[in-house]
Student: 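If you scroll down you'll find the structure; I have some questions about it.
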Amino acid sequence: VDVPKSGLYTVSVHYSCRNDTAGNRFLFESQDQRITSRIEGTGKAWGVYFPVEIGKLHLKEGRQRLTLRAAEAIKGTLANVQSVLLIPPS
């Protein structure tokens, strides 16, 4: 990602997860920071998406690699991630 301005960004993940497969954890990380979050169920079907704010990261201006992955061994299915939004500081 190419961060336009250094600052404390809110991370929002837009995903779906059937209620019967919820409970796994995912990890969102930059080079030196991590956010771990539990996947909550979004309904009975995979087509129901919700944005969930999972935390904040201090990002420096410029290009960098950000990663979203399972935080541990997955039980069933992790989630269907539609997008990750970095909300800039106001």
Student: When hydrophobic residues are tied together by side-chain contacts of less than 4.5 Å, even through go-betweens, does V81 share a cluster with W46?
Tutor: no
Student: Within a radius of less than 6.0 Å around CD of E72, do more than 12 heavy atoms belonging to other residues, nucleotides or ligands occur?
Tutor: yes
Student: Could you check if a side-chain atom of C17 sits within less than 4.5 angstrom of a side-chain atom of N80, using non-hydrogen atoms only?
Tutor: no
Student: Are the side chain of T42 and the backbone of V48 linked by a donor-acceptor contact shorter than 3.5 Å?
Tutor: yes
Student: Check the pair F26 / I39 against side chain to side chain contact (heavy atoms under 4.5 Å, CB included), numbers first and verdict last.
Tutor: CA-CA 7 Å; F26 63 82; I39 299 287; 2.7 Å; yes
Student: Find out if a path of hydrophobic residues (ILVMFWY) with successive side-chain heavy-atom gaps under 4.5 Å connects V1 to F28.
Tutor: yes
Student: Salt bridge or not between R34 and E29? Use side-chain N to carboxylate O under 4.0 Å.
Tutor: yes
Student: Quick one, Q64 and L59 - any side-chain contact, counting heavy atoms below 4.5 Å?
Tutor: yes
Student: Y15 versus L78: any side-chain heavy-atom pair under 4.5 Å?
Tutor: no
Student: Indicate if L27 and L85 have the same hydrophobic cluster label, given that clusters are the connected sets of ILVMFWY residues with side-chain heavy-atom separations under 4.5 angstrom.
Tutor: no
Student: To the nearest 0.5 angstrom, please state how far the OG1 atom of T10 sits from the NZ atom of K56.
Tutor: 2.5 Å
Student: Under 4.5 Å between any side-chain heavy atoms of I35 and L57, yes or no?
Tutor: yes
Student: At their closest point, which heavy atom of A22 faces which heavy atom of G41, and how far apart are they?
Tutor: CB-N, 3.3 Å
Student: Give me the atom names and distance for the closest heavy-atom approach of G76 to I74.
Tutor: O-CG2, 3.5 Å
Student: So does K75 get a backbone contact from the side chain of N24, meaning a donor-acceptor N/O pair under 3.5 Å?
Tutor: yes
Student: Does any non-hydrogen side-chain atom of E61 lie less than 4.5 Å from one of D2?
Tutor: no
Student: For K44 and N19, which heavy atoms make the closest approach, and how far apart are they?
Tutor: N-ND2, 4.2 Å
Student: Applying a strict under-4.5 Å side-chain criterion to I, L, V, M, F, W and Y, I'd like to know whether L68 and V3 cluster together.
Tutor: yes
Student: If hydrophobic clusters are built from ILVMFWY residues whose side chains come within less than 4.5 Å, do I54 and Y49 share one?
Tutor: no
Student: Do we see a donor-acceptor contact under 3.5 Å between the side chains of S6 and K60?
Tutor: no
Student: Test L66 against L86 for side chain to side chain contact (heavy atoms under 4.5 Å, CB included), laying out the working first.
Tutor: CA-CA 11 Å; L66 302 174; L86 299 174; 3.6 Å; yes
Student: How far apart are the C-alpha atoms of H58 and Q33, what are their side-chain angles, what is the distance that settles it, and do they pass the side chain to side chain contact (heavy atoms under 4.5 Å, CB included) test?
Tutor: CA-CA 8 Å; H58 183 75; Q33 299 170 79; 4.0 Å; yes
